[in-house]
Amino acid sequence: MRQTPAILHLDMDAFYAAVEQVAKPSLRGKPVIVGGVGGRGVVATASYEARKFGVRSAMSTAEARRRCPNAAFLIPRFAAYREVSDLVMGLLGQLSPLVEPLSLDEAFVDLAAGPYADGLDTARATALAVRLRADILAATGLTASVGLAPSKLVAKIASEAAKPDGLVVVPPDQVRATLDPLPVRALWGVGPATAEAMRKVGITTIADIAATDADELVRLFGQAHGRALHEHALGIDDRPVVAERDAKSVSVEDTFEVDLVDRTRITAELDRLAARCVERLRAAGRSGRTVVVKMRRYDFSTLTRSETLRGPTDDLAVVRETVHRLAAQVDFTGGIRLLGVGVASLADFAQQDLFGDDHEDAAGDAVGVADATETTDATEISTGPAGSAAGAAPRAVDAIEPDATSGAAPDAALAPGVDPAPESAAGDPADPEAGAYGRVPVFHPGRFGSTRWLPGQDVTHTEHGPGWVQGSGVGRVTVRFETPGSAPGRIRTYLVDDPDLTPSAALPLVRRTELDPKPEPEPQLALEPEPEPEPAPKPPAEPELGADPPPAPDSP
DNA sequence: TCTGGGGTCCTAGGACCC
DNA sequence: TCTGGGGTCCTAGGACCC
Ligand SMILES: [Mg+2]
């Protein structure tokens with residue numbers, strides 16, 4: 001184990017919801033729930049105000065509405081989150097070139113690999129983290145929680161303990177004392193199933209794991225998991241921070257508002273998914289050998305069928321034919337709620353030529369490379385990026401399918417002040433697959449049906465300018481006209497097909513320092529009890545857990 | 001209207017090879 | 001005759017993470 005807390009873990013607080021609160025001034029201080037708004041949607045992120053009502057990530061949106069009916073329910077706007085994420089990751093990059101993003105809002109940083117490595121100790125690392133949090137707040141208006149520790153394992157646990165809006169530092173000699181009392185679920189890789197299995201044998205805390213024989217853990221939880229559990233419980237974790245990771249698979253899936261039963265319809269949806277998957281594969285400059293079809297049945301049982309080709313492909317025609325072959329093996333009786341298409345065993349684009357059509361002999365001689373399976377005809381092997389004309393199709397599809405212009409049923413972001421949109425609207429429940437609504441997947445609205453507006457969506461009105469959809473139903477759409485830098489805006493209601501109203505791109509979350517003519521009153525000073533944000537030598541920092549201030553208001 | 005979407009890693013059995 | 005040992009690839013499923 002390292003002798004300094006040089007691993008930093010950053011975790012933005014209630015990230016999606018917090019971005020929405022900064023972007024939509026009228027929502028600051030109010031419960032905000034971001035996720036799927038359809039009948040089968042789930043919560044991605046709930047603001048702290050919504051969490052007070054028991055709303056949690058992964059909860060069904062229907063349950064969230066029951067618990068917090070007055071919250072704003074918004075669809076995710078990933079373009080906006082990615083923009084903020086890039087900015088935050090850029091700030092991390094100033095601390096070290098070794099930044100490992102785990103998601104849009106989380107990353108590890110190895111401070112010992114960067115410009116502050118020299119003389120790094122607990123006090124200097126702490127000062128860097130203090131400054132980082134202040135910089136993030138100043139640049140985005142968002143709070144972040146940070147953990148500093150000698151390992152990834154403990155840094156992640158520390159940032160969790162720091163939430164919200166805090167900093168926790170765990171020096172090396174505090175690691176065991178920090179871990180011991182925590183429930184097993186706090187360990188990375190221990191989920192509901194493992195925790196329950198542990199409970200049955202009387203293991204409930206990390207100290208319990210540490211006190212269990214390693215062989216016993218291997219017997220109970222498998223080779224890899226058992227070994228890791230034992231080491232991690234003892235605070236041993238040498239995993240390095242890794243900056244660039246190549247994706248190993250690309251996949252796309254949709255859950256449908258209504259179960260699909262018709263094989264022709266299912267095939268058509270698989271074709272659309274294959275096109276989206278290949279589009280993303282090509283955009284990443286990758287190709288893959290294994291094609292995977294995923295299905296979730298009416299009863300939530302999940303099955304996958306996969307086929308490995310003789311060489312990597314990024315050809316839509318090849319992927320589509322493979323998908324058809326795989327789907328033909330499956331019984332759809334009872335209905336299908338989810339379909340997915342993926343490509344795995346990814347290769348870099350350049351490697352593809354190794355399997356090109358003029359290398360039959362070489363491929364045959366190469367040990368176990370080309371003859372692993374017998375399942376694919378030579379004619380189905382991709383010949384490269386120039387491949388078949390079908391490869392152009394997905395781009396065309398996306399071009400005529402703008403994001404978020406249609407969706408399910410009457411939706412309202414906000415209950416308060418908005419008519420609850422009587423249950424009139426939407427498709428014909430008696431024949432769900434025939435109409436537009438049956439075609440509408442939860443997160444990827446189809447391009448069929450009349451104009452739909454989704455809550456949270458960015459729009460622009462020719463006269464009143466930029467705003468966002470607060471709700472829609474019974475032929476009307478309600479828009480709130482405000483922007484990240486404005487005061488809370490007022491609402492106006494339009495007919496859903498009003499030609500003056502158009503979907504628009506997300507506005508940038510302008511930095512407060514650039515936005516406000518008068519400088520902000522340095523909010524970070526009020527929030528931070530810690531020393532100067534300079535990486536200068538300091539007296540030994542408090543090696544205690546919970547060096548963070550009390551929770552701040554969620555939104556400025 | 002219970003239960004999203006995008007990933008990673010591990011296990012286990014059979015095929016196949018040496 | 002008490003069954004031998006790997007190693008790798010492929011497939012299916014499952015746990016887990018955000
Ligand atoms: Mg977070």
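All values derive from a computational prediction rather than experimental measurement.
Under the side chain to side chain contact (heavy atoms under 4.5 Å, CB included) criterion, A:V330 pairs with A:M295, A:L303, A:R305, A:F332, not counting sequence neighbours. With sequence neighbours left out, the side chain to side chain contact (heavy atoms under 4.5 Å, CB included) criterion links A:T304 to A:V292, A:K294. When the ring-ring contact (aromatic ring centres under 6.0 Å, His included) test is applied to A:F108, the partners found at least two apart in sequence or on another chain are A:H9. In terms of the side chain to side chain contact (heavy atoms under 4.5 Å, CB included) criterion, residue partners of A:S96 (sequence neighbours excluded) are, by chain and number, A:L98, A:V109, A:A113. Considering only residues two or more places apart in sequence or on other chains, A:H232 meets the side chain to side chain donor-acceptor pair (under 3.5 Å) condition with none of them. For A:R51, the side chain to side chain contact (heavy atoms under 4.5 Å, CB included) partners two or more places apart in sequence, or in a different chain, are A:A14, A:T45, A:A46, A:Y48, A:R56.
Nucleic acid contact class of A:K156 (heavy atoms, under 4.0 Å, all strands): sugar-phosphate only. As judged by a 4.0 angstrom heavy-atom cut-off over every strand, A:V43 is placed among residues making no nucleic acid contact. A:E106 comes within 4.0 angstrom of sugar-phosphate atoms only, judged by non-hydrogen atoms across all strands, and of no base. Using a 4.0 Å heavy-atom criterion, one finds that A:L273 contacts no nucleic acid atom at all.
The OH atom of A:Y16 sits 13 Å away from the P atom of B:dG5 (whole-angstrom rounding). Atom CD in A:E253 sits about 13 Å away from atom C1' in B:dT3, given to the nearest Å. Between A:L104 atom CG and B:dG7 atom P the separation is 12 Å, expressed in whole Å. Here the C1' atom of nucleotide C:dC18 and the CZ atom of A:F108 are 12 Å apart, to the nearest Å. Here C:dC9 presents its C1' atom at 15 Å from CD of A:E307, a figure rounded to the nearest Å. The distance between atom CD of A:E257 and atom P of B:dG5, rounded to the nearest whole Å, is 10 Å. Atom C1' of nucleotide B:dG5 and atom CG of A:L338 are separated by 9 Å, given to the nearest angstrom. The CZ atom of A:R66 sits 7 Å away from the C1' atom of B:dC2 (whole-angstrom rounding).
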Tabulated below should be each protein N or O lying under 3.5 Å from an N or O of nucleotides 10-12 of chain B; please produce it.
| unit_1 | atom_1 | unit_2 | atom_2 | d |
| --- | --- | --- | --- | --- |
| B:dT11 | OP1 | A:Q223 | N | 3.1 |
| B:dT11 | OP1 | A:A224 | N | 3.0 |

Enumerate all atom pairs, one protein N or O and one N or O from nucleotides 13-17 of chain B, separated by less than 3.5 Å.
none

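Each of A:L303 and A:T194 has a nearest nucleotide on DNA chain C; the 5'-most of these lies closest to A:L303. In terms of position on DNA chain B, the residue among A:R280 and A:F300 whose nearest nucleotide sits closer to the 5' end is A:F300. Taking the nucleotide of DNA chain B with the nearest heavy atom to each of A:R296 and A:A62, the more 5' of the two is matched to A:A62.
If you check the side chains of A:S145 and A:D11, you find no donor sitting under 3.5 Å from an acceptor. Residues A:R337 and A:T255 have side chains that never bring a donor and an acceptor to within less than 3.5 angstrom of each other.
Within 90° of 0 lies the glycosidic angle of B:dC2, which makes this nucleotide syn.
Residue A:S103 has its side chain nearest to C:dC18 when only C:dC18, B:dG4, B:dT1 are considered.
Screening residues 82-93 of chain A for side-chain hydrogen bond (donor to acceptor under 3.5 Å, both in side chains) gives no qualifying pairs among residues at least two apart or on separate chains.
Under a 4.0 Å N-O distance rule, the pair A:R67/A:E63 qualifies as a salt bridge. With respect to the salt-bridge test (charged N to carboxylate O, under 4.0 angstrom), the residues A:K152 and A:D237 do not qualify. Ionic pairing of A:R219 and A:E216 is present here: one or more N-O contacts between side-chain nitrogen and carboxylate oxygen are shorter than 4.0 angstrom.
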Side-chain donor-acceptor contacts of residues 193-204 of chain A below 3.5 Å, not counting sequence neighbours, with atom names and distances?
| unit_1 | atom_1 | unit_2 | atom_2 | d |
| --- | --- | --- | --- | --- |
| A:E196 | OE1 | A:R199 | NE | 3.1 |
| A:E196 | OE2 | A:R199 | NH2 | 2.9 |
| A:T204 | OG1 | A:D208 | OD2 | 3.2 |

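Residue A:S60 places no side-chain N or O under 4.0 Å from the OP1 or OP2 atom of B:dT1. For A:R337 and B:dT3, the shortest distance from a side-chain N or O to OP1 or OP2 is below 4.0 Å.
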Does the side-chain hydrogen bond (donor to acceptor under 3.5 Å, both in side chains) test come out yes or no for A:D331 and A:T333, once each step is laid out? CA-CA 6 Å; A:D331 176 15; A:T333 307; 2.5 Å; yes
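Taken residue by residue, residues 236-250 of chain A places heavy atoms nearer than 4.0 Å to DNA chain B at A:A247, A:K248, A:S249, A:V250.
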Report the secondary structure of DNA chain B in dot-bracket form, marking unpaired bases with a dot and bases paired to a different strand with |, and treating Watson-Crick or G-U pairs with both distances under 3.5 Å as paired. ....||||||||||||||
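Using atom P as the reference point in both B:dC17 and C:dT3, the two lie 25 Å apart (nearest Å).
With a 4.5 Å cut-off on side-chain heavy atoms, A:L153 and A:L187 count as touching.
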